[in-house]
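Below is one structure, written out as structure tokens; the observations come after it.
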Number of protein chains: 2
Amino acid sequence: MREPVPIHQIVVEARELFREYGYEGASMRDLADRVGLRPQSLYTRFPSKESLVPAVLALTLDDTLVDLPDPAGDWRAAWRMLIGRIAETFEARGRCVGLHLAYGVTAQTPDARDAVRTFFARLRDAMAGILDAGEVSEPVSVATDTLAQLEGATLWITTEGDMEPLRHAVERALCIGDREGRPL
Amino acid sequence: MREPVPIHQIVVEARELFREYGYEGASMRDLADRVGLRPQSLYTRFPSKESLVPAVLALTLDDTLVDLPDPAGDWRAAWRMLIGRIAETFEARGRCVGLHLAYGVTAQTPDARDAVRTFFARLRDAMAGILDAGEVSEPVSVATDTLAQLEGATLWITTEGDMEPLRHAVERALCIGDREGRPL
DNA sequence: GTCTATAGAATGATAGAC
DNA sequence: GTCTATCATTCTATAGAC
């Protein structure tokens, strides 16, 4: 008869495990240890390991997009904050949970795979919406490329601890819209 | 008393598995099935699963760098061929085995981790050497950023099958050196 | 070098008491 | 909602015959 573990805490710890160890490398036992439960008890909260993936990515998308300034006002402020949030997370954690899951989920876990696709599509669309408010040309394409460049920079953080490629990607992102016609 | 399985074939199949399923997700059983052996027989060729990682990455580096034109002659030809090889592999396979391993190996497999670091350092250095022959300024930094951008583009191939971000990354890479002072 | 046999551990998941 | 107990499966790896 003790306090139930908050669902939010389970999802947060699952995110840490997925980011560091990937879908296959993260185990329900490790997750249970982190939140102070027996592995079996996790199944009263989530029906399967796979079901953790949509929860983790929904939380992450929410963390990333919450309380952004209205792009219709100052679109640059919204863009700066969004890029800053993504980059800060990559810098603090050294990698992206979404990318690790994108590579790690297979056709055998279709719900997880769909969740990954939805996560990146929504993040890209949020970015594109801001660029669109700034009348940047081809906002979806530019948003897609920008996210790819930020994600790619995590390679060097993981392997070498080198933050420079990420900072360069951020600089390029923040230049977008400066002079139309050649944003990158 | 049958023909021994060529070591090259084992490494090639291991690469496919690591690329698709990552280090944890690839099993010795799957690898054995692919090459027509019993799982136990793999251990006469490789002492452990971890030891496959250096072999896979050494082969990949070799495949990528073999027979490149001498940058001292036509550095642009060498650069074009190298970028083209990387991009073609990503397009054909949908992802990068090095990136999956970079995210997937942990401190528990230090030899594998070292192999990943070495792999990307050598690939970057090969790229930087070509740019240096072209007298591109800050060749190491530009090579590092370029590789990050190519890797990042695989996110969209994996999740959406979208090749456009990769093609954009290639276009940016091939513009390097066109007008000095702002290669990206 | 490949095989059969097997060990020992870890995995995701279920049943039922409290 | 958490627990104890348990399951079937999968995993990496070793021993020894051929």
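Throughout, protein chains are lettered first and strands after them, A, B, ... in sequence-line order, and every chain is numbered starting at 1.
- Nearest heavy-atom pair across B:P139 and B:A128 is CB-O, 3.5 Å.
- The side chain of A:R45 sits closest to D:dG1 out of C:dC3, D:dG1, C:dG1.
- Rounded to a whole Å, the CD atom of B:E24 is 11 Å from the P atom of C:dG12.
- A 6.0 Å sphere centred on CZ of A:R122 holds no more than 12 heavy atoms belonging to other residues, nucleotides or ligands.
- Put simply, B:R38 has a side-chain N or O that comes within less than 4.0 Å of OP1 or OP2 on C:dT4.
- Dashed line: the shortest gap from a side-chain N or O of B:S27 to OP1 or OP2 of D:dC11 is under 4.0 Å.
- When the side-chain nitrogen and oxygen atoms of A:R29 are compared with OP1 and OP2 of C:dT11, one or more of them lie within a distance under 4.0 Å.
- In this structure, A:H100 and B:H100 have perpendicular ring planes: the angle between them is above 60°, well past the 30° mark.
- Residue B:A32 is out of contact with every strand shown, counting any heavy-atom pair closer than 4.0 Å.
- Comparing D:dT2, D:dC11, C:dC3 by their nearest atom to the side chain of A:V5 picks out D:dT2.
- In this structure, the nucleotide among C:dT11, D:dA13, C:dA13 sitting nearest to the side chain of A:S48 is C:dA13.
- A:Q40 has its CD atom 15 Å from the C1' atom of C:dC18, to the nearest Å.
- Across A:L65 and A:L123, no two heavy atoms sit closer than the pair CD2-CD1, 4.3 Å.
- Taking atom OH on A:Y43 and atom C1' on D:dT6, their separation rounds to 14 Å, with Å as the unit.
- Nearest to the side chain of B:S41, among C:dT2, C:dT11, C:dG12, sits C:dT2.
- One atom, CG of A:L52, and another, C1' of C:dG12, lie 12 Å apart when rounded to the nearest Å.
- One interatomic measurement links the two molecules: CG of A:L42 to P of C:dA15, which rounds to 17 Å at whole-angstrom precision.
- When the P atom of D:dC3 is taken as reference, atom CG of A:D33 falls 11 Å away, rounded to whole Å.
- Nearest nucleotide to the B:P4 side chain, out of C:dG1, C:dA15, D:dT2: C:dG1.
- If you check every strand for non-hydrogen atoms under 4.0 Å, B:T44 touches a base.
- Atoms CZ (A:F46) and C1' (D:dG1) sit 14 Å apart, rounded to a whole Å.
- One atom, CD of B:Q9, and another, P of C:dG1, lie 14 Å apart when rounded to the nearest Å.
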Output, in order, the C-alpha distance, side-chain angles, deciding distance and verdict of side-chain hydrogen bond (donor to acceptor under 3.5 Å, both in side chains) for A:D30 and A:S27.
-> CA-CA 5 Å; A:D30 291 341; A:S27 78; 3.2 Å; yes
